[in-house]
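Counting starts at 1 for both ligands and their atoms, following the listed order. Keep in mind that what you see is a predicted model, and the values were worked out from it rather than measured.
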Amino acid sequence: MTTSNYFNIVLLGAPGSGKGTQANLLKQKYNLQHVSTGDLYRNEIASGSPIGLKAKQLIEQGLLCPDEMTLDLLYQFCISCEKTKGFLLDGVPRTIEQAKMMEGIEYPHTIPVSMAVYIEVDEKIIVERLSKRAIELKRTDDTPEVIRQRIMNYEAQTKPLIAHYQNQNKLLQVNGIQSVEKVFLDICNLVDEF
Ligand code: AP5
Ligand code: MG
């Protein structure tokens, strides 16, 4: 089984930018498998696995999980999906290191990126959306201090990926401060043009 010939779209954006929301719409339109590393970790936590125990401590503090653990979890999920032509990668890569590993640099598997969709929102909107979601979904990392930490990680560790994919001519950028439907429409137009 190889993952090197997949058509994969990365959804890049701050916490609460709408990666999961848009992935749910895009997966039907483009017939791709949605994979959120946050969801994979939450499943591990729910099952009480050793990975879940380690991830729980980090996620509840708003810290990123180790790159290799994340990539291994992602790779195992990808190879378990035999019938898909590709993935909507939601929340991964999250560091330059992870992006390089997916390119096969110092990692035994390649998970190629066809394009990266950057959903741009500002911090005020992020805090509003996640505070609202905290009431609806009760995610343990949607508390005010953890949201702050997640935004800091995003700024320091994930934002450099914008330039990384820009340099590879793979970056598409949309304004995430619009209705869900309008953001979806903008992404579809950009993907179709690309
Ligand atoms: P993860 O689950 O990926 O969380 P996140 O990146 O912080 O993003 P969210 O899921 O909070 O937001 P989203 O962009 O999906 O927005 P959503 O669509 O839900 O990761 C959680 C943790 O796991 C990380 O902190 C880390 O510890 C670990 N982890 C995961 N991946 C990792 C990796 N690769 N490496 C290391 N560690 C990793 O929308 C948010 C809310 O806004 C919703 O209520 C939604 O209804 C609403 N909304 C969405 N769009 C709009 C809109 N256009 N208008 C109004 N409301 C909207
Ligand atoms: Mg999400």
Does any donor atom in the side chain of Gln149 or Asn153 lie under 3.5 Å from an acceptor atom in the other side chain? yes
Would you compute the distance between atom CG of Asp90 and atom NZ of Lys27 and round it to the nearest 0.5 angstrom? 10.5 Å
Sequence neighbours excluded - salt bridge (Lys or Arg N to Asp or Glu O under 4.0 Å) pairs with any residue from residues 57-81: Lys56-Glu60
Where is the tightest heavy-atom contact between Arg129 and Ser17, given as atom of each residue plus distance? NH1-O, 3.3 Å
Below the 3.5 angstrom mark, is there an N/O of Leu63, backbone or side chain, next to an N/O of ligand 1? yes
Please state which option from Ala23, Ser131, Gly18 has its nearest heavy atom closest to atom 16 (O) of ligand 1. Gly18
For ligand 1, is any non-hydrogen atom under 4.0 Å from Ile177's backbone (N, CA, C, O), its side chain (CB onward), both, or neither? neither
What about Tyr41: any of its N or O atoms under 3.5 Å from an N or O on ligand 1? no
If you measure from each heavy atom of Lys132 to ligand 1, is any distance below 4.0 Å? no
May I ask you to identify the nearest protein heavy atom to atom 9 (P) of ligand 1, giving residue, atom name and distance to one decimal place in Å? Arg133 NH1, 3.5 Å
Applying a strict 4.0 Å limit to heavy atoms, is Gly16 in contact with ligand 1? yes
Rounded to the nearest 0.5 Å, what separation is found between the CZ atom of Arg150 and the CD1 atom of Ile59? 9.5 Å
Got an N/O contact under 3.5 Å between Ile59 and ligand 1? no
Can you list the atoms of ligand 1 that are under 4.0 Å from a heavy atom of Ala14? 14 (O)
So, Gln28 versus His34: side-chain donor-acceptor pair below 3.5 Å or not? no
Counting only heavy atoms, tell me which of Glu181, Lys19, Arg94 gets closest to atom 13 (P) of ligand 1. Lys19
Test your reading of the model: is there a side-chain donor-acceptor pair from Ser114 to the backbone of Asn8, 3.5 Å cut-off? yes
May I ask you to check if ligand 1 and Asp90 share an N or O to N or O distance below 3.5 Å? no
Inspect the contact between Lys132 and Glu128 and indicate whether a charged nitrogen and a carboxylate oxygen are less than 4.0 angstrom apart. no
Gap between atom OG1 of Thr70 and atom CG of Leu74 - 0.5 Å precision: 8.5 Å
Can you confirm, on distance only, whether ligand 1 has an N/O atom lying under 3.5 Å from any N/O atom belonging to Gly20? yes
Under a plain distance cut-off of 3.5 Å, with no hydrogens placed, do Glu145 and Gln61 share a side-chain donor-acceptor pair? no
Indicate yes or no: does Asp141 engage Arg139 in a salt bridge with an N to O separation below 4.0 Å. yes
So, is Ser36 polar-close to ligand 1, with some N/O to N/O distance under 3.5 Å? no
Under 4.0 Å between heavy atoms, the region of Thr21 that gets near ligand 1 turns out to be both
Mind checking whether Pro93 has a heavy atom under 4.0 Å from ligand 1? no
Among Gln57, Gln178, Lys182, closest by any non-hydrogen atom to atom 53 (N) of ligand 1: Gln178
Under a 3.5 Å threshold, yes or no: a donor from one side chain and an acceptor from the other, between Thr95 and Gln157? no
A student checking ligand 1 against Arg42 at a 4.0 Å heavy-atom cut-off should list atoms 2 (O), 21 (C)
Just wondering, more than 12 heavy atoms not from Lys100 lying within 6.0 Å of its NZ? no
Quick one: does Cys65 get an N or O within less than 3.5 Å of an N or O on ligand 1? yes
Quick check: Gly62 and ligand 1, any N/O pair under 3.5 Å apart? no
Among all residues two or more places apart in sequence or in another chain, which pass the salt bridge (Lys or Arg N to Asp or Glu O under 4.0 Å) test with Arg42? Asp39
Would you mind checking which non-hydrogen protein atom is closest to atom 35 (N) of ligand 1, with the distance to 0.1 Å? Gln98 NE2, 2.8 Å
Ligand 1 contact by Asp141, heavy-atom criterion under 4.0 angstrom: yes
With the threshold set at under 4.0 angstrom, would you say Ser179 reaches ligand 1 through any of its heavy atoms? yes
Below 4.0 Å from any atom of ligand 1, is there a heavy atom belonging to Gln22? no
